[in-house]
Enquirer: 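Structure in structure tokens, see below.
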Amino acid sequence: MHRTETWGRRGRPAVVAALVAALAVLATACSSGRDPAAETTILRVRMTDDWVTPPFVAAVRAFEQAHPDVRVDVSKAPISHMLDDVRTAIRNGEPPDVVQAHAFSAAAQGLAQPLDDLWAKKKPLKTSDFLAGAIDDVTWGKRLYGVPLDTNALFLLYDRDQFAAANVTPPADGSGFSFSSFETAARALTSPDGSRRALAIPTSTWWTYGWIRANGGDVLATGPDGKVHLTFDDPKTVAALDYLRRLVAAGLAFAPGAADSHSTDAFALFRSGNSSTLASGSWDLTTVTKDDAGKARYASMPLPTGLPGKNGSVMGGSSMFVPNGSKHRELAFQFMANLISDPFALRLAKEQGRLPVRTALYKDPYFQSPDLTAVRTQLTGASAFKLSAFPGPHDIFASAIDQILRENKEAGPVMADAQQRAQPLLPNSP
């Protein structure tokens, strides 16, 4: 069963008009004030469909001004189509020069050029300046295949008013609930008729992986032989999935597979008061903070943890890569570096909740907000969801989640079966 992964972003109809306007501005930025005869190089940039926004347009304009002989040609596509589109473009001999996706996944599928030589120049980028998880997003087989763009991590938003009404006290030390204490709180937060529940679970393997990591589990590992192995039947993974299953079965969480279970609707359930908590990222924190106009109704904490002291979560965000066949790899690298430079990275964070990938930027006063404490905490322990590099095993994993959470099947047998069916589909990988 196929699943479209948003990786911590969500398309929303309300932003369509803004995106159309931004595209119009971008077209103007790319053409105004230029002598066509001087445009000797066209840099083709392919972005996901929610990224062509005012901060991005400003970055493109600045890059063109610094490179008067370059015109940036921007196109966009849904994240779910990106790698297939690039694969077709390479096959047709017309690859773009910069693509936004997950560089590790593109590398695993043979679509991306290694960029170690450009990183080694250490101008303008150094790997030591970045969050470890962000570098993990561009690494495959110990080589660098791209540049991190933005980052995020799954954490827990909660409704202060509902917690107070249910006499539930959130952890006071900046940590999150344990799995057991969250289940106890969930019972208090859920109304007798089930119209209000503690949690809404979206249909997302990325989201589910965050809870698996919060319990110390994983779905993929590299063995001593250097090959990738599936770990669907890891006891910690199974325990995390059974924990979520129990929340659903007990009526404490809205179940996946229903009309109200996708990421946009999980947010709507939280915003309307039907769900007391929302496991999400900084984009939703930014939205509710702006909408609330300083009322401080919403707050955040790390994900509940299954293991004492564990700070696991799933890494969100994205990265950029240079496809095979591109003739402008050095220029592409410069474009990517410009896009994540301080002014544009800060604008993207403050205006859209897209968190920066370089650690130094977190010294900015904006990131000292108490609401962002949970975000910073989760970023230090978040892991990239690398199973997405393998479509066959990923789809089997998605189907297994449906059986566990929607059909209330015990996770142990389901994940053992998924492991047996998916492992042969996994190619020998570095």
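The structure presented is a predicted model; accordingly, all values stated were derived computationally and were not measured.
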Enquirer: Taking the side chain as everything from C-beta on, heavy atoms only, tell me whether T237 gets closer than 4.5 Å to Q419.
Expert: no
Enquirer: Any side-chain donor paired with an acceptor under 3.5 Å for D218 and T231?
Expert: no
Enquirer: Kindly compute the distance separating CG (L83) from CD1 (I79), expressed to the nearest 0.5 Å.
Expert: 7.0 Å
Enquirer: Hydrogens and angles aside, do S181 and S178 bring a side-chain donor and acceptor to less than 3.5 Å of each other?
Expert: yes
Enquirer: Would you tell me whether D150 and S318 have side-chain atoms, one donor and one acceptor, within less than 3.5 Å of each other?
Expert: yes
Enquirer: Run F63 and F335 through ring-ring contact (aromatic ring centres under 6.0 Å, His included) and show every step you take.
Expert: CA-CA 7 Å; F63 184 78; F335 176 86; 5.3 Å; yes
Enquirer: Within the side chain of Q378, is there an N or O that forms a donor-acceptor pair under 3.5 Å with the backbone of L303?
Expert: yes
Enquirer: List the steps and the verdict of ring-ring contact (aromatic ring centres under 6.0 Å, His included) for F344 and F56.
Expert: CA-CA 7 Å; F344 306 120; F56 175 82; 9.6 Å; no
Enquirer: Between the side chains of Q100 and R46, is a donor N or O closer than 3.5 angstrom to an acceptor N or O?
Expert: no
Enquirer: May I ask you to test the D73-L43 pair for a side-chain heavy-atom distance under 4.5 Å?
Expert: no
Enquirer: Test P323 against every option in V98, V99, L111 by the side chain to side chain contact (heavy atoms under 4.5 Å, CB included) rule and name the one that passes.
Expert: V99
Enquirer: Short question: side chain of N338, backbone of A59 - any donor-acceptor pair under 3.5 Å?
Expert: yes
Enquirer: I'd like to know if the side chain of T151 reaches the main chain of L355, judged simply by a donor and an acceptor atom lying under 3.5 Å from each other, with no hydrogens or angles considered.
Expert: no
Enquirer: Do the ring centers of Y145 and F321 come within less than 6.0 Å of each other?
Expert: no
Enquirer: Apply salt bridge (charged side-chain N to carboxylate O under 4.0 Å, His left out) to the pair D342 and R358, showing each step before the final yes or no.
Expert: CA-CA 9 Å; D342 290 5; R358 289 184 297 174; 2.6 Å; yes
Enquirer: So that I can tick it off, tell me whether R297 and D161 are bridged by a salt bridge, with the cut-off set at under 4.0 angstrom between side-chain N and carboxylate O.
Expert: yes
Enquirer: Who pairs with R246 by salt bridge (Lys or Arg N to Asp or Glu O under 4.0 Å), at least two apart in sequence or on another chain?
Expert: none
Enquirer: How long is the span from the CG atom in L252 to the CZ atom in F182, to the nearest 0.5 Å?
Expert: 8.5 Å
Enquirer: Do F177 and M301 have side chains that approach each other closer than 4.5 Å (heavy atoms only, starting at C-beta)?
Expert: yes
Enquirer: Which value, rounded to the nearest 0.5 Å, describes the distance between L387 atom CG and L230 atom CG?
Expert: 6.5 Å
Enquirer: When you measure from the side chain of Y243 to the backbone N and O of I212, does any donor-acceptor pair fall under 3.5 Å?
Expert: no
Enquirer: For D193, look at atom CG and say whether over 12 heavy atoms of other residues, nucleotides or ligands are found less than 6.0 Å away.
Expert: yes
Enquirer: Please assess R213 against S313 for the test side-chain hydrogen bond (donor to acceptor under 3.5 Å, both in side chains), listing each intermediate value before the final yes or no.
Expert: CA-CA 5 Å; R213 292 299 299 147; S313 185; over 6 Å; no
Enquirer: Within the 4.5 Å heavy-atom criterion, are W207 and V314 side-chain neighbours or not?
Expert: no
Enquirer: Using a 3.5 Å distance criterion without hydrogens, assess whether the side chain of D159 forms a donor-acceptor pair with backbone atoms of Q162.
Expert: yes
Enquirer: Measuring from N274:CG to R196:CZ, what's the distance to the nearest 0.5 Å?
Expert: 9.0 Å
Enquirer: Side chain of K126, backbone of A120: donor and acceptor closer than 3.5 Å?
Expert: no
Enquirer: Could you check whether any side-chain N or O of T190 sits under 3.5 Å from a backbone N or O of R187, counting only pairs where one atom can act as donor and the other as acceptor?
Expert: no
Enquirer: Just by distance, no angles: are the side chains of H229 and T222 close enough, under 3.5 Å, to form a donor-acceptor pair?
Expert: no
Enquirer: I'd like to check Q368 versus Y366 (side-chain heavy atoms, cut-off strictly below 4.5 Å). Are they in contact?
Expert: no
Enquirer: Could you check whether any side-chain N or O of D137 sits under 3.5 Å from a backbone N or O of H102, counting only pairs where one atom can act as donor and the other as acceptor?
Expert: no
Enquirer: With a 4.5 Å cut-off on side-chain heavy atoms, are V86 and D84 touching?
Expert: no
Enquirer: Side chains of D97 and H328 only: does a donor on one sit below 3.5 Å from an acceptor on the other?
Expert: no
Enquirer: Counting N and O atoms only, with roles assigned by atom type, does the side chain of R197 sit under 3.5 Å from a partner on the main chain of A253, one being a donor and the other an acceptor?
Expert: yes
Enquirer: Just checking, is any N or O donor in the side chain of T53 or Q352 under 3.5 Å from an acceptor N or O on the other one?
Expert: yes
Enquirer: Once you round to the nearest 0.5 Å, how far does CG of N152 lie from CZ of R354?
Expert: 9.5 Å
Enquirer: Can you measure from CE (M415) to CD1 (I401) and round to the nearest 0.5 angstrom?
Expert: 7.0 Å
Enquirer: Indicate whether any N or O donor in one side chain lies under 3.5 Å from an N or O acceptor in the other, for R245 and N408.
Expert: yes
Enquirer: Of all the heavy-atom pairs spanning A166 and A188, show the shortest one and how long it is.
Expert: CB-O, 3.5 Å
Enquirer: Answer yes if the side chains of Y298 and R271 hold a donor-acceptor pair under 3.5 Å, and no otherwise.
Expert: yes
Enquirer: Is F385 close to T205 at the side-chain level, that is, under 4.5 Å between some pair of heavy atoms?
Expert: yes
Enquirer: If we ignore hydrogens and angles and just use 3.5 Å, is the side chain of R87 paired with the main-chain N or O of Q109 as donor and acceptor?
Expert: no
Enquirer: Cation over ring, R143 on W119, under 6.0 Å and within 45°?
Expert: no
